[in-house]
Amino acid sequence: MSKKEHIEVIREFTDYIVNFVEQPRPEMGNMPVCPFARKARLDSSMRIEVMELTSGAITPHLTSLARESSLDLIICVHPEKNGLSYGEVYRLAGELNELLPALNILALAGHPDDPFNIDGLYTRREPYPNIQLLRRDVGERAYRSLESSGYYDRWTEENFRDLIPMMSKCPVLPPKAC
């Protein structure tokens with residue numbers, strides 16, 4: 001992939017974040033899909049990297065996330081929209097989550113064909129297959145800060161279970177969903 005193509009993937013993914021993820025939605029209690037995305041983008045506490053989605057390609061980014069205290073999220077984006085299936089991306093997230101708890105990191109998956117939705121709003125249908133490496137404590141704080149906001153009012157128990165598939169423990173989620 002050329003540098004120009006690499007930059008285009010990042011631009012397209014960033015546009016998706018700005019124009020969808022950061023916009024208020026009635027299905028999310030009139031809050032954005034991710035109420036923290038805009039601040040993270042503007043504060044540079046998130047980074048988008050284009051790479052083949054393999055555990056070998058993602059592993060070096062784990063040390064970056066562990067080392068850089070100002071970084072909370074690395075979005076590892078596959079360079080081809082149809083390069084990996086939904087199942088392949090979620091299996092990879094599950095494999096990574098077997099290894100990551102000791103590092104205080106959580107792997108979340110996104111895919112253009114992801115069926116996850118809240119009241120018909122497909123919140124994880126991202127333009128490219130991706131793995132998001134999130135500091136677990138940041139995710140836990142985010143969840144707790146939204147509990148009484150109305151953000152989760154339309155979520156079903158299935159939505160909570162499907163948010164982080166293949167995890168044996170789900171400390172970010174409410175006990176009823178685990």
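Note that the structure is predicted; figures quoted are calculated from it, not measured.
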Can any side-chain N or O of [X] pair as donor or acceptor with the backbone N or O of [Y] at less than 3.5 Å?
X: Glu49; Y: Ile74; value: no
X: Arg124; Y: Ala109; value: yes
X: Asn159; Y: Asn117; value: yes
X: Asn19; Y: Asp15; value: yes
X: Glu88; Y: Ser85; value: yes

Heavy-atom closest contact ([X] atom, [Y] atom, distance):
X: Gly56; Y: Pro60; answer: O-CD, 3.2 Å
X: Thr14; Y: Arg41; answer: CG2-CD, 4.1 Å
X: Ser55; Y: Leu96; answer: CB-CD2, 4.3 Å
X: Pro127; Y: Phe13; answer: CG-CD1, 3.8 Å
X: Ala107; Y: Ile131; answer: CB-CG2, 4.1 Å
X: Tyr128; Y: His78; answer: CD2-O, 3.3 Å

Going by side chain to side chain donor-acceptor pair (under 3.5 Å), name the residues that satisfy it together with Asn104, two or more places apart in sequence or in a different chain. Asp137
In chain order, what residues pass the side chain to side chain donor-acceptor pair (under 3.5 Å) check against Glu8, with sequence neighbours excluded?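 Glu8 satisfies side chain to side chain donor-acceptor pair (under 3.5 Å) with Arg11 only.
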Indicate yes or no: at least one non-hydrogen side-chain atom of [X] is less than 4.5 angstrom from one of [Y].
X: Leu146; Y: Pro35; value: yes
X: Pro115; Y: Tyr86; value: yes
X: Met51; Y: Cys76; value: yes
X: Leu133; Y: Leu73; value: no
X: Pro129; Y: His111; value: yes
X: Arg25; Y: Val33; value: yes
X: Trp155; Y: Met28; value: yes
X: Phe36; Y: Ser145; value: yes

Filter on salt bridge (charged side-chain N to carboxylate O under 4.0 Å, His left out), then keep only pairs touching residues 65-85, sequence neighbours left out; what's left?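 Applying salt bridge (charged side-chain N to carboxylate O under 4.0 Å, His left out) to every pair that reaches into residues 65-85, excluding sequence neighbours, yields Glu12-Lys81, Arg47-Glu68, Asp72-Arg135.
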Could you name each residue pair satisfying salt bridge (charged side-chain N to carboxylate O under 4.0 Å, His left out) that touches residues 28-39, not counting sequence neighbours? Lys39-Asp43
Do Ile58 and Leu103 sit in the same hydrophobic cluster, where Ile, Leu, Val, Met, Phe, Trp and Tyr count as joined when their side-chain heavy atoms come under 4.5 Å apart? yes
Linking I/L/V/M/F/W/Y whenever any side-chain heavy atoms sit under 4.5 Å apart, do Tyr122 and Val18 land together?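 Different hydrophobic clusters.
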How long is the span from the CD1 atom in Ile75 to the OH atom in Tyr16, to the nearest 0.5 Å? 9.5 Å
Rounded to the nearest 0.5 Å, what separates atom CD1 in Ile118 from atom CG in Asp153? 11.5 Å
Dump the intermediate steps for side chain to side chain contact (heavy atoms under 4.5 Å, CB included) on Val50 and Ile10, then the final yes or no. CA-CA 7 Å; Val50 179; Ile10 292 173; 3.7 Å; yes
Report the residues that fulfil side chain to side chain contact (heavy atoms under 4.5 Å, CB included) with Ala40, sequence neighbours left out, ordered by chain and then residue number.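 Partners of Ala40 by the side chain to side chain contact (heavy atoms under 4.5 Å, CB included) criterion, ordered by chain and then number, come out as Ser45, Met46.
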Using the test side chain to side chain contact (heavy atoms under 4.5 Å, CB included), find all partners of Ser2 that sit at least two apart in sequence or belong to another chain.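 If we apply the side chain to side chain contact (heavy atoms under 4.5 Å, CB included) test to Ser2, skipping adjacent residues, the hits are Lys4, Glu5.
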For a quick check under 3.5 Å, do Gln132 and Asn130 share a side-chain donor-acceptor pair by atom type? yes
Could you walk me through whether Ile105 and Leu134 pass the side chain to side chain contact (heavy atoms under 4.5 Å, CB included) check? CA-CA 6 Å; Ile105 298 173; Leu134 174 67; over 6 Å; no
Proximity of Tyr152 and Phe160 rings by center, below 6.0 Å: yes
